[in-house]
Every structure is written in structure tokens, then in C-alpha cells.
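Here is the structure we will look at.
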Amino acid sequence: MYKLLVIESEGETRHHRVSLLENSGFEVIVAAGVGPGLQVAQKKPPDLILAGLDLTGESNCQLLQAVLTKPDLAAIPVIVMTERSDRDYQRQCLSLGADDCLVIPFDDEELMGAITIRLRKQDALTQRYNTLMRHTAERLNRLSHYDSLTDLPNHHLLQQRLLLAVNRAAVGDQRVALLSLSLDRLRQINNTLGFPAGDTLLRAVARRLTGILPPSTAVARLTGNQFAIVLPAPRSREDVAAITEEVIDSLSRSFSLPGHAVFVTTSVGIALFPDDSQDISTLLRQADAALDWAKGQKSNSYRFYRSDMPVVSGDELQLETWLRYAVERQEFEVRYQPKQSLRTGRIEGAEALIRWHHPDYGYVSPARFIPLAEETGLITVIGEWMLRTVCTQAAEWLAQGLPPVKIAVNLSSVQLNQSQLCEVLKQILADTGLPTQYLELEVTETALMQDISTALGLLHQLKDLGVGLAIDDFGTGYASLGYLRELPIDILKIDTCFVRGADHDYKNQAILQRIIGLAHDLSLLVVAEGVETEAELALLRSYDCDLVQGFLIGAPMTAAELVARL
Ligand code: C2E
Ligand code: MG
Ligand code: MG
């Protein structure tokens with residue numbers, strides 16, 4: 001039933017109007033002036049206001065103005081009844097928001113017609129508004145629950161689906177398997193064929209996954225190359241293994257991208273409810289831990305979670321969020337660790353090492369956040385910041401006339417696979433004016449081996465620029481010695497693990513001696529890392545090592561401290 005508010009002074013006419021409206025099926029409320037009328041309207045908003053105030057001398061315009069300024073009333077249609085027949089007055093009412101203006105005398109039919117048409121319009125508006133709101137809500141829901149690239153559920157919806165599956169399984173005494181799946185070569189495909197190709201591949205992977213899995217399974221895309229699958233009520237572990245193998249197998253068939261057929265390899269980690277945990281966020285982390293394990297195996301492999309696998313804590317997720325803001329909030333600093341020549345005794349170089357102090361968390365070691373930055377792609381921005389900061393500093397030192405030192409910057413494997421790195425570096429060198437021979441780049445053996453052909457191409461370009469190239473942590477990766485000949489490098493940095501305590505470890509002594517000899521045969525300079533004692537230093541000197549770096553010479557220090565050492 002529509003509710004009408006009649007604002008008009010008491011009397012014969014109002015009485016007649018109210019009974020007419022009530023007999024037509026409306027619920028009618030009355031008020032005798034602007035103030036009481038507004039009060040009633042705000043307490044119990046009517047569907048329409050009928051204002052006949054000019055009849056009593058109190059202005060309809062006053063009421064219209066007041067209604068317009070009250071947000072909760074402004075949308076209510078108002079029909080004005082007046083004795084004034086001049087057009088100016090009527091226009092004034094309409095301009096103040098009146099929906100119609102009835103001039104007395106008018107008959108009952110006219111009044112009913114005006115009311116009906118207003119209410120009908122109002123209904124149509126409300127309906128349109130509701131539809132719009134529903135569409136908006138649906139769109140928002142899609143945006144917040146689905147991945148826009150693949151149209152698969154995202155991590156929010158995955159958690160809901162997982163919770164649902166777990167609750168059902170708990171009632172029926174069943175299991176749920178959570179698979180965390182990663183495409184191992186997406187980054188490479190993005191780098192070599194471009195992001196549109198990577199996007200096409202991701203969509204194709206999504207289609208293939210939903211195509212082979214039964215409809216009861218939930219497939220979600222979590223981040224860049226990571227997907228998750230919830231298998232409700234598998235009969236056994238073997239069942240889960242069989243389905244996982246089927247998934248890996250289907251993704252190992254080629255994908256045709258425009259102009260290319262590409263192959264991807266997949267790693268999968270699996271956690272089981274209730275065997276591994278009953279808590280869904282723990283299950284998610286366990287599946288990720290198993291995934292990390294699987295990634296360390298040969299490609300296309302899967303692993304069930306085992307309690308001895310390291311699970312990333314909630315802290316790590318927090319850290320990732322903080323890391324996203326660390327560059328713009330200028331939370332990074334550079335420390336320089338001196339490298340001393342055993343021939344001249346001079347500090348001839350320094351390694352630039354990044355430092356991160358989070359305002360609340362405090363110091364976070366690069367060994368902890370660099371892998372996270374690589375995983376999330378943030379390393380590109382961080383690496384560029386590092387190169388620019390270091391080159392600016394080194395150029396400043398030269399300009400101040402300090403004895404020249406070569407500054408080494410560490411490069412991540414992700415940067416090594418970025419075709420634009422060389423251009424970026426060229427720009428930085430041009431901007432800072434640092435002569436290229438004062439810059440060295442350190443690349444670990446493991447990083448090189450991830451995609452040796454791409455890396456090799458880039459190393460040659462960097463070499464052509466004139467910067468020095470060093471292999472870092474040598475001896476800890478799997479590089480075959482054969483590569484050493486082909487790599488356009490100048491320096492070999494022997495990893496700490498061979499140096500530490502070498503003075504009473506015959507095996508390490510043999511290794512050190514051989515590596516130094518081999519490097520010299522290939523005309524490479526050798527730097528020994530992590531030198532902490534005089535005994536280690538003496539040993540390295542007797543093996544003809546070229547440079548030493550370590551706490552004995554100096555821990556990583558600020559730029560000012562390094563200047564003091566020079
Ligand atoms: P790295 O390049 O091998 O750096 C040498 C590490 O050994 C540094 O650790 C250094 O502080 C530490 N160290 C130096 N002398 C001694 C010593 O005598 N004894 C011991 N026990 N340790 C010593 P840090 O600074 O924690 O860095 C760890 C790793 O993080 C680095 O290993 C490097 O791989 C990476 N890293 C640091 N800064 C950057 C950066 O700007 N970019 C990239 N991509 N990686 C970085
Ligand atoms: Mg290094
Ligand atoms: Mg090192």
C-alpha cells in the first residue's frame with residue numbers, strides 16, 4: 001500500500017481529500033505545516049507528498065526548499081496544490097523540485113491522475129536503480145572473486161571453496177586434497193615471447209585444467225604462474241596421485257601460441273585434509289611447502305606434504321606486502337664491503353650489498369627478502385634502484401678525486417633473463433656519468449645455469465658495454481667447468497664455504513688451490529669471500545689468490561666509512 005503525506009491545514013477540503021485518497025486504497029498521513037510535515041516525513045518516509053500550503057498562507061516553496069536539502073527526503077515526489085494561477089509561480093515550484101502543480105479548482109480525477117503517474121514513474125525509477133545495483137554488486141563480486149585473465153576463481157574464492165569442501169568432508173568422514181601447481185617456465189615465456197603470449201598461455205592452461213577435471217573440483221589462479229585445485233572427497237592417496245599425474249601429463253602437451261608451439265613443465269605440491277591439517281590456511285601453506293620441494297626435483301614432478309618440509313609462516317606473507325612499499329618509502333640502503341688486493345695491499349674494490357630496515361620489523365636479511373623479491377618480480381625495481389644508487393655514488397667518489405675503486409653489484413637470476421637490462425644499465429651509466437670500467441656485476445653460478453643460453457647472450461652484451469663480470473659463490477652451484485671457458489667473465493669469487501677454516505681442512509685446501517690455478521689458467525682474477533682469520537688470509541696468499549673479502553678486511557660498511565678506509 002502506497003503511503004501519501006498530505007500537508008495542508010485542517011478543514012473541509014483536507015477532509016474531503018483524505019477520504020478520497022483512503023477510499024482509493026492509499027494509506028494517508030496528514031500534517032498542517034512545513035515543520036510538522038517534515039518531521040512526519042522523516043520519521044516515516046512517504047511515497048509521495050501532496051502540498052497545499054499556499055491555501056493557508058504558509059508557502060509551498062518553503063516546503064519544497066526544505067525537502068530538497070534533506071538527503072533522505074529529496075527523492076520523494078511532491079505534488080503542489082495552489083490557488084495561484086500565474087505561470088511564474090508554477091515555474092518557481094517546478095524549479096524547486098515540484099513534480100506537478102495543480103491549480104485550484106481541480107477535480108478528483110485530475111488529482112488521482114497526477115498521483116498515479118508520479119507513483120508509476122517512481123516505481124520505474126526504483127526498479128532501474130535496483131537492477132543497476134544488482135549489476136554493480138555482481139560485477140564487484142566477480143572482480144573480487146575471479147581472476148580477470150583466466151576467469152578462474154581467485155584466492156578469495158578458493159578459500160571459500162576449500163572451506164566448503166573441508167566442512168562437507170568433515171561431516172562425511174572424507175578427505176580433501178589441495179593441489180598447489182606452478183608453471184615452471186612462464187617467466188621465460190613472458191621474457192622471450194612477451195606478456196601477451198604469456199597471457200594466452202595462462203588462459204589455455206586454465207581451459208585445459210577445467211577441461212580434464214570433474215566439475216566438482218575447484219580450480220583457481222592464485223598469482224602469476226600459480227594455480228590451485230581442490231579435489232573433494234578423493235578415495236585414497238593413490239587416487240590423488242593419479243589425478244595429479246593426469247594434470248601434469250595434460251599440461252606437458254604442447255600449447256600453440258601465435259607463431260610458436262611451447263611446452264611448459266609443471267610442479268605440484270599436495271596437502272591433505274585432515275591428514276596434514278584441519279585448518280585451511282595451514283593446508284594452503286603446506287601445499288606451497290610441498291610445491292617448493294617439488295620445484296627442487298626434476299621438472300614435471302609432484303610431492304605430498306611431509307611434516308619435515310619447511311612451511312612459510314604468515315610472517316612471510318606480511319613481509320611480501322611490506323616489500324611492495326619498501327622502494328617508494330625509501331627503506332633500502334647500500335653497504336659497501338671492501339675487497340683488498342693481496343698484491344698491493346690496497347682496497348681496490350668493494351661489493352655493494354643491499355640492506356633493508358623495516359620501520360616496525362627492523363632488519364631483514366637479503367637472504368630472506370631477495371628470494372621473495374624474485375618470486376614476486378619486485379626484484380626488477382629493487383635491482384634498478386641498486387644499480388642507480390651505486391653508480392651515482394661511485395661517480396661521486398671519482399669526481400671527489402678519491403682513489404678509484406671498482407664497485408660490484410649483485411644481479412639476480414630474474415634480472416639476467418630480462419632483455420631490457422642492458423638498455424637500463426646503459427641509461428644509468430649515461431645518467432650518472434660513471435665510466436663503465438668502475439662497475440662490476442656479480443652473478444651466481446646457480447642463477448646462470450637457470451637459463452644458460454639467455455644469460456650467455458646478456459653477459460656478452462654487458463661485456464661489450466665494458467663492465468666487469470664476476471661469477472659469485474663459485475663452487476656451490478652445478479656449473480660444469482666447461483662453461484667457464486665460454487663465459488665472458490673476468491672474475492671468479494670463491495664461496496665462503498671453501499674459505500672458512502681452510503687452514504685446518506685439507507680437502508678445502510686442495511679445492512682452493514685447484515680453483516685458483518684453474519682461474520689463472522683462464523686469465524681470471526680470483527676473489528676469496530668470507531675471509532675471517534689471519535690463518536685463512538695467509539693460506540690464500542700462499543695460493544696466489546688475487547683479492548680477499550671478508551670480516552677480517554672489513555664488514556659491509558656505509559659509504560662514508562668506506563671513504564675513510566680509502
Ligand atoms: P653474496 O653476494 O655472496 O654476498 C656476500 C655475503 O657474505 C654478504 O651477505 C656479506 O655480508 C657476507 N659476508 C661478507 N664477509 C663475510 C665474512 O667474513 N663472514 C661471513 N660469515 N659472512 C660474510 P649479505 O649482505 O647478507 O648478502 C647475502 C646475499 O644476498 C648476497 O650474497 C647476495 O647474493 C644477495 N644480495 C645482497 N645484496 C643484493 C643486491 O643488491 N641484489 C641482489 N640481487 N642480491 C643481493
Ligand atoms: Mg655477491
Ligand atoms: Mg658471494
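Order of listing sets the numbers, starting from 1, for every ligand and every atom in it. Just so it is clear, the values below take in all heavy atoms, side chains as well, and ignore hydrogens, waters and symmetry mates.
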Distance-only side-chain donor-acceptor flag, [X] / [Y], under 3.5 Å:
{"X": "Asp473", "Y": "Thr444", "value": "no"}
{"X": "Glu245", "Y": "Tyr302", "value": "yes"}
{"X": "Ser412", "Y": "Gln415", "value": "no"}
{"X": "Glu320", "Y": "Thr376", "value": "no"}

What atoms of ligand 1 come closer than 4.0 angstrom to any heavy atom of [X]?
{"X": "Glu532", "value": "17 (C), 18 (O), 19 (N), 20 (C), 21 (N)"}
{"X": "Ile370", "value": "43 (C), 45 (N), 46 (C)"}
{"X": "Gly530", "value": "16 (C), 17 (C), 18 (O)"}

(message) For His357 and Tyr363, take the angle between the two ring planes, folded into 0 to 90°, and tell me which bin it lands in: parallel under 30, tilted 30 to 60, perpendicular over 60.
(response)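 Aromatic pair His357/Tyr363 classed tilted.
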(message) Using 30° and 60° as the class boundaries, would you call the ring planes of Trp356 and Phe332 parallel, tilted or perpendicular?
(response)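 Tilted, since the angle between the ring planes falls between 30° and 60°.
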Tell me, please, if [X] has any N/O/S atom, main chain or side chain, under 2.8 Å from the Mg ion (ligand 2)?
{"X": "Glu442", "answer": "yes"}
{"X": "Thr444", "answer": "no"}
{"X": "Glu529", "answer": "no"}

(request) Identify, for atom 31 (C) of ligand 1, the protein heavy atom at the shortest distance, and state residue, atom and that distance. (result)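 Answer, as residue, atom name and distance: Leu353 CD2, 4.3 Å.
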Would you say ligand 1 has an N or O under 3.5 Å from any N or O of [X]?
{"X": "Glu529", "value": "yes"}
{"X": "Ile354", "value": "yes"}
{"X": "Asn410", "value": "yes"}
{"X": "Ser365", "value": "no"}
{"X": "Gln415", "value": "no"}

Please tell me if [atom] is touched by the protein, where touching means a protein heavy-atom distance below 4.0 Å.
{"atom": "atom 29 (C) of ligand 1", "answer": "no"}
{"atom": "atom 42 (N) of ligand 1", "answer": "yes"}
{"atom": "atom 23 (C) of ligand 1", "answer": "yes"}
{"atom": "atom 17 (C) of ligand 1", "answer": "yes"}

Taking 4.0 Å as the limit for heavy-atom contacts, which would you say applies to [X] with ligand 1: side chain only, backbone only, both, or neither?
{"X": "Lys493", "value": "neither"}
{"X": "Arg335", "value": "neither"}
{"X": "Pro556", "value": "side chain"}
{"X": "Asp473", "value": "side chain"}
{"X": "Leu552", "value": "neither"}
{"X": "Glu374", "value": "neither"}

(request) Taking only Lys NZ, Arg NE, NH1 and NH2, and the carboxylate oxygens of Asp or Glu, determine whether Glu351 and Lys339 approach each other closer than 4.0 Å. (result)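 Salt bridge flag = no for Lys339 with Glu351.
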(message) Salt bridge or not between Asp544 and Arg343? Use side-chain N to carboxylate O under 4.0 Å.
(response)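 Arg343 and Asp544: salt-bridged.
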(request) Just give me the atom name: the N, O or S atom of Asp473 closest to the Mg ion (ligand 3). (result)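 The closest N, O or S atom of Asp473 to the Mg ion (ligand 3) is OD1.
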(message) Test of geometry: compute the angle OD2(Asp472)-the Mg ion (ligand 2)-OE2(Glu351) and round it to 10°.
(response)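 The OD2/OE2 angle about the Mg ion (ligand 2) sits at 180°.
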(request) Under the side chain to side chain donor-acceptor pair (under 3.5 Å) rule, what do Thr380 and Gln418 come out as? Steps first, then yes or no, please. (result) CA-CA 9 Å; Thr380 312; Gln418 267 160 357; 3.0 Å; yes
(request) Decide yes or no for Glu331 and Trp322: does some side-chain heavy atom of the first lie under 4.5 Å from some side-chain heavy atom of the second? (result)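 Not touching, per the 4.5 Å side-chain cut-off.
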(message) Counting neighbours of CD on Gln509 that are heavy atoms of other residues, nucleotides or ligands and sit closer than 6.0 Å, is the number greater than 12?
(response)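 Counting neighbours around CD of Gln509, more than 12 heavy atoms of other residues, nucleotides or ligands fall under 6.0 Å, so yes.
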